[in-house]
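A short worksheet on the structure shown next.
Reminder, nothing fancy here: chain letters follow the sequence lines and each chain counts from 1.
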Number of protein chains: 2
Amino acid sequence: MKKPAPNLAPRKPDYEKALRKAGIRVTRPRKVILNILRETEDHPDALEIFRRAEQVDKSISLSTVYRTMKLLEEMGAIHRHAFEGGPSRFEQAGGDHHDHLIDIETGDVIEFRSDRIEQLQQEIARQLGYDIVHHRLELYGRRRRAE
Amino acid sequence: MKKPAPNLAPRKPDYEKALRKAGIRVTRPRKVILNILRETEDHPDALEIFRRAEQVDKSISLSTVYRTMKLLEEMGAIHRHAFEGGPSRFEQAGGDHHDHLIDIETGDVIEFRSDRIEQLQQEIARQLGYDIVHHRLELYGRRRRAE
DNA sequence: AATGCAATTGCAAATCGTTTGCAACTAAGA
DNA sequence: TCTTAGTTGCAAACGATTTGCAATTGCATT
Ligand SMILES: [Mn+2]
Ligand SMILES: [Mn+2]
Ligand SMILES: [Zn+2]
Ligand SMILES: [Zn+2]
């Protein structure tokens, strides 16, 4: 008797299945990196992913992390963010689209979504004779002092 | 409706006066670079500014261009844009605030302004408990094919 | 299970845009 | 003119990322 997997938690896409489907080998380093990405809730950079990967498999190299990130990005499995001043940071794709507010003091990244803004962007591009392929909206701010 | 065309074209501020006022020396290389920035209508990168500067003064170095750009940025005289995939590009400050649409095929940069979006950003940040210090809105698109 | 081979790896070296150390030069006030 | 701190050009250093290459490995094939 097979038990249907409970599907309550936020969606955790099966990257390995996607890789195989794309004819890409599922190697040990990729498994490790994939697991890290599946579990993480934040926006780690390549070095941070590398550090977490090391703890699982001492032999993984930073090059492979970079190569894997690029591969996953091209597959559409992750998004790359080039926030001001720092290295690229990643997050798994698959969730709803959102933009980011970066706390310039702590570096914290807060996600938000505004359908109004998304729609206005569309209208602006259209008026200029363009179709938007993708966009980038980042708010850099500091916590408002409670007074 | 956003109709009235904003004054996106910057005036021609007197940078040299501003520099002297800030106790910064007005040297030959700086004069050359400043003139280029005052005249340009586009968003050149450091290398492009260097090339244009060379034509006026053969002895100028790329380092000095970079140093000058950083100086002017810190003074608030120019804005630096880190569009996707390329080196930083600059434009003189002083015009009205605007954001950019980048033609992903030609690299063209089109300026636009949406007070509605600006205001929505404010509201979003406020709701999240933040004050916006600055932001970045870039639309990447391709020209809609007229058929 | 053993074979064959292209895909993938770790490593080091290379790349790119940008910054920096330093000795020579120079703007600008006295 | 003198003085000196600010500025320069040059080359080397930089940080993030990419790449060449020989060794290794996934996996389709026997
Ligand atoms: Mn996010
Ligand atoms: Mn502009
Ligand atoms: Zn968005
Ligand atoms: Zn704006």
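One atom, CD of A/Glu54, and another, P of C/dT9, lie 16 Å apart when rounded to the nearest Å. Going from atom CZ of A/Arg25 over to atom C1' of D/dT24 covers 11 Å, rounded to whole Å. Residue B/His81 contributes atom NE2, which lies 14 Å from atom P of C/dT18 at whole-angstrom precision. The CG atom of B/Leu71 sits 7 Å away from the P atom of D/dT7 (whole-angstrom rounding). Atom-to-atom, CZ of B/Phe50 to C1' of C/dT19 comes out at 16 Å; the value is rounded to the nearest Å. When the C1' atom of C/dG17 is taken as reference, atom CZ of B/Phe83 falls 17 Å away, rounded to whole Å. The separation between B/Leu34 atom CG and C/dA27 atom P is 15 Å, rounded to whole Å. Distance, A/Arg80 CZ to D/dT17 P: 7 Å, rounded to whole Å.
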(Q) Determine whether A/Asp42 and A/Arg89 satisfy the following criterion, side chain to side chain contact (heavy atoms under 4.5 Å, CB included), listing intermediate values before the conclusion. (A) CA-CA 9 Å; A/Asp42 52 359; A/Arg89 299 172 65 165; 5.8 Å; no
Q) Is there a side chain to side chain contact (heavy atoms under 4.5 Å, CB included) between B/Arg116 and B/Gln119 once you walk through the steps? A) CA-CA 5 Å; B/Arg116 302 275 274 108; B/Gln119 199 207 298; 5.7 Å; no
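Both A/Arg67 and A/Leu47 lie close to DNA chain D; mapped to their nearest nucleotides by heavy-atom distance, the more 5′-ward contact belongs to A/Leu47. When the nearest nucleotides of DNA chain C are assigned to B/Phe90 and A/Ser59 by heavy-atom distance, the more 5′-ward of the two goes with A/Ser59.
Comment: A/Arg51 engages A/Glu48 in a salt bridge, judged by a side-chain N to carboxylate O separation of less than 4.0 angstrom.
Taking 3.5 Å as the limit, the base of C/dT8 and the side chain of A/Thr64 contain no donor-acceptor pair of atoms between them. One cannot find a donor-acceptor pair under 3.5 Å joining the base of C/dA27 and the side-chain atoms of B/Arg28.
Candidate nucleotides D/dT7, C/dA6, C/dT18 were compared by shortest atom distance to the side chain of B/Ile24, and D/dT7 ranks first. The B/Pro87 side chain lies nearest to C/dG17 when the options are C/dG10, C/dA27, C/dG17. When each of D/dA5, C/dA6, C/dT9 is scored by its nearest atom to the side-chain atoms of A/Thr27, the top-ranked nucleotide is C/dT9.
Residue A/Tyr66 places no side-chain N or O under 4.0 Å from the OP1 or OP2 atom of D/dT18. Contact check, B/Ser88 against C/dG17: no side-chain N or O comes under 4.0 Å of OP1 or OP2. Side-chain nitrogen and oxygen atoms of A/Lys70 include at least one within less than 4.0 Å of the OP1 or OP2 phosphate oxygen of D/dT18. Note on A/Arg30: a side-chain N or O is less than 4.0 Å away from OP1 or OP2 of C/dT9.
For the helix from C/dA1-D/dT30 to C/dA30-D/dT1, the axis fitted to the five pairs at one end and the axis fitted to the five pairs at the other end meet at an angle of 30° (nearest 10 degrees).
In this structure a side-chain-to-backbone donor-acceptor pair under 3.5 Å is missing from B/Tyr130 to A/Leu139.
Taking hydrophobic clusters as Ile, Leu, Val, Met, Phe, Trp and Tyr residues chained together by side-chain heavy-atom distances below 4.5 Å, A/Val32 shares a cluster with A/Ile78.
Contact of the A/Ile117 side chain with the B/Ile124 side chain is registered, since non-hydrogen atoms from C-beta on lie closer than 4.5 Å. Counting only heavy atoms from C-beta outward, the side chains of B/Arg52 and B/Glu39 never approach each other to under 4.5 Å.
Side-chain rings of B/His79 and B/His97 stay apart, their centers remaining 6.0 Å or farther from each other.
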